[in-house]
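Counting from 1, the numbers follow the sequence of the chain as shown. Everything numeric here is computed off the predicted structure, so don't read it as measured data.
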Amino acid sequence: MASLFVEAVLVSVYANVEALLICCAGVYAMHRQIVAPEGLRVLSRLVVEVLFPCIAFSNFRAYSWELLGEWYMAGVGSFLTMVLGALLGKCGALLLRLEPPYSKIFILSTTFGNVGALPFVLVPPIVANWKPAMSDPESLYKAYGVISLYALVWNMALFGLGRPYALSMRTEKVETESEASQNRPCVVRFLQKLRKVESVVWGSILAIVVGCIAPLRDLLSERAGGTLRFVGSFTYKLGSAGIQVSTLVLGGSLYLGGVAQLEKRRARAKALQDAQEREGASPQASVEEEVSQSEIGGEVCCGLSPMVRLAVGATFTKLVLIPAISIPLIVLAVKAGAIGQDQPMLFMVLMIQTGVPSAQTTLALLVSAGLQKVAGEMRSIVYLPMYFASVATIAAVIVLAVTLFDTFDAPGLGVELNATL
């Protein structure tokens, strides 16, 4: 058991350290002004619209009717995790006494976790260091395929439900756009909706179609020596670059959030000092309250502003409550046979997704809703501490996943699982 724990810790360390180093490279690039904030947005768009669709399509090599029948739990798990996050977000918003738009932002933050940069960058070192994955040369392809299936359901929910929910924060504009669209022909409205679907969704759907048609899959796959094998090779190599670039963007974005928060603190301290010098010590409390509310908005409740309550609540929900509820359900799914014991990467991906922080795509939804200031505050006050805290939770989840998976085919499974959980 001790050797298993050591293996689990090493797998977790390798996975997290690699992701952290790439994030640090992004921090360095921003600090040295090698990449400007505008460049960060360009890189982010490149990843979302070009590189991730490529990696999503390249997964056709891992798809088949048989494997999709075994991996259906990736889509089910994605859906159930979002439902759980939404329910916990709704309850949390009520308990924390958050009013719109903060209550809606809280629900978005707990519903949509990071399914892009973190899972993709964590998987390769896990495959390289975890024995059940090392024994299968197709483990990395399978892991990417599972992540893409998980992300397919996530993307449909985000842009089908999450975006309208975010836009509901600006009711007047949404009503105007809705009324205008009603006057257009049905075909035009349908085509407009198709244009709004993210290209990564189309890449995932196309990969499933190609993968389920064996002759076409072999024709495009370099592993099968197909005539058009350069298609599979090209999309995989180009898409793999998106995994590293997206993690660089994540590190740079968190750095910008930290810098913005430091600048706000300095401005706040200067305002307090100026007020104290002009009028003495008596108005300091009122000035402090005024500056605090101007920075983070809303009314203070229980000594905490709405944004601080949102940050604490979202972090606790995403990194503690959701894993605590989801992991036993995943174990039950394995015991029930819904997740095969011969599918270690399906199990690992589902476990990792329980411990990831909120998706930064939520910030883009807030910007599209006209809440640019709130999005900036979210990045520095909510996402920065949440992503730092997620280093520990993701590490713990990976250790637990490695430990649990080894017990699934062992005698006395139920007793060992109960003791572990």
Side-chain angles (χ1 to χ4, degrees), residues 12 15-16 19-20 23 77-96 98 101-122 147 150-151 153-155 157-158 161-162 165-166 246-247 250-251 253-254 257 304 306-330 348-366 374-375 377-401:
S12 176
N16 279 277
L20 283 173
C23 281
S78 178
F79 175 76
L80 293 179
T81 301
M82 287 186 288
V83 170
L84 175 62
L87 293 175
L88 291 176
K90 183 65 175 178
C91 295
L94 294 174
L95 289 174
L96 295 171
L98 294 173
Y102 296 101
S103 59
K104 293 187 175 184
I105 296 171
F106 186 87
I107 293 172
L108 287 172
S109 299
T110 57
T111 302
F112 299 104
N114 188 310
V115 300
L118 287 179
F120 274 117
V121 79
L122 289 170
I147 294 173
Y150 193 101
V153 176
W154 183 93
N155 275 292
L158 178 70
L161 299 174
Y165 186 71
S246 65
T247 312
L250 173 62
S253 179
L254 293 176
L304 298 175
M307 189 61 75
V308 173
R309 279 179 277 146
L310 191 156
V312 174
T315 301
F316 181 76
T317 301
K318 283 297 298 177
L319 303 185
V320 178
L321 286 183
I322 290 180
I325 297 172
S326 301
I327 291 176
L329 294 177
I330 294 174
M348 178 61 74
V349 169
L350 289 175
M351 289 287 288
I352 289 175
Q353 291 291 356
T354 68
V356 295
S358 301
Q360 295 210 56
T361 312
T362 305
L363 301 181
L365 295 181
L366 297 181
V374 176
E377 294 167 355
M378 283 280 293
R379 184 170 58 185
S380 58
I381 300 176
V382 179
Y383 280 64
L384 188 62
M386 182 187 291
Y387 271 77
F388 274 116
S390 70
V391 174
T393 59
I394 292 175
V397 165
I398 293 175
V399 169
L400 189 58

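I398 has its side chain out of reach of M351: every pair of non-hydrogen atoms, C-beta onward, lies at least 4.5 Å apart. When side chains are defined from C-beta on, Y102 does not count as touching L96, because their heavy atoms never get closer than 4.5 Å. At a threshold of 4.5 Å between non-hydrogen side-chain atoms, the residues F388 and T315 do not count as touching. Using a 4.5 Å cut-off on side-chain heavy atoms (C-beta onward), S326 and L84 make contact. T110 places none of its side-chain heavy atoms less than 4.5 Å from the side chain of L88. The shortest distance between side-chain heavy atoms of T393 and S390 falls below 4.5 Å. Considering only heavy atoms from C-beta on, V397 stays 4.5 Å or farther from V356 through its side chain.
When all heavy atoms of N114 and Q353 are compared, the closest pair comes out as O-OE1, 3.4 Å. When every heavy atom of W154 is checked against every heavy atom of S78, the shortest pair comes out as N-OG, 3.6 Å. Nearest heavy atoms, A324 versus P328: O-CD, 3.2 Å. Of all the heavy atoms in L250 and C23, the pair that sits closest is CD2-SG, 4.1 Å. Considering every non-hydrogen atom in both A151 and V115, the closest pair reads CB-CG2, 4.1 Å.
Shown here are the side-chain hydrogen bond (donor to acceptor under 3.5 Å, both in side chains) partners of S358, two or more places apart in sequence or in another chain: there are none. Residues satisfying the side-chain hydrogen bond (donor to acceptor under 3.5 Å, both in side chains) test with N155, not counting sequence neighbours, are none. Remark: Y150 pairs with no residue by the ring pair (Phe, Tyr, Trp, His ring centres under 6.0 Å) rule, at least two apart or across chains. Applying the side-chain contact (heavy atoms from CB on, under 4.5 Å) test to T111 and every residue at least two apart in sequence or in another chain returns M82, A86, I107. Partners of P385 under the side-chain contact (heavy atoms from CB on, under 4.5 Å) rule, at least two apart in sequence or in another chain, do not exist in this structure. Annotation: side-chain contact (heavy atoms from CB on, under 4.5 Å) contacts of V320 (sequence neighbours excluded): F316.
For the atom pair CG of L400 and CD1 of I330, the computed distance is 9.5 Å after rounding to the nearest 0.5 Å. Interatomic distance, I105 CD1 to M307 CE, rounded to the nearest 0.5 Å: 5.5 Å. In this structure, CG in L384 is found 9.5 Å from OG in S253, a value given to the nearest 0.5 Å. Rounded to the nearest 0.5 Å, atoms OG1 (T317) and CE (M386) are 8.0 Å apart. Atom CZ of F120 sits about 11.5 Å away from atom CD1 of I352, to the nearest 0.5 Å. Separation of atoms NZ (K318) and OG (S109) is listed at 9.0 Å; rounding is to 0.5 Å.
With respect to I394, the side-chain contact (heavy atoms from CB on, under 4.5 Å) criterion is satisfied by exactly one of L319, L118, T354, V399: L118.
At most 12 heavy atoms of other shown residues, nucleotides or ligands fall within 6.0 angstrom of atom CZ in F79.
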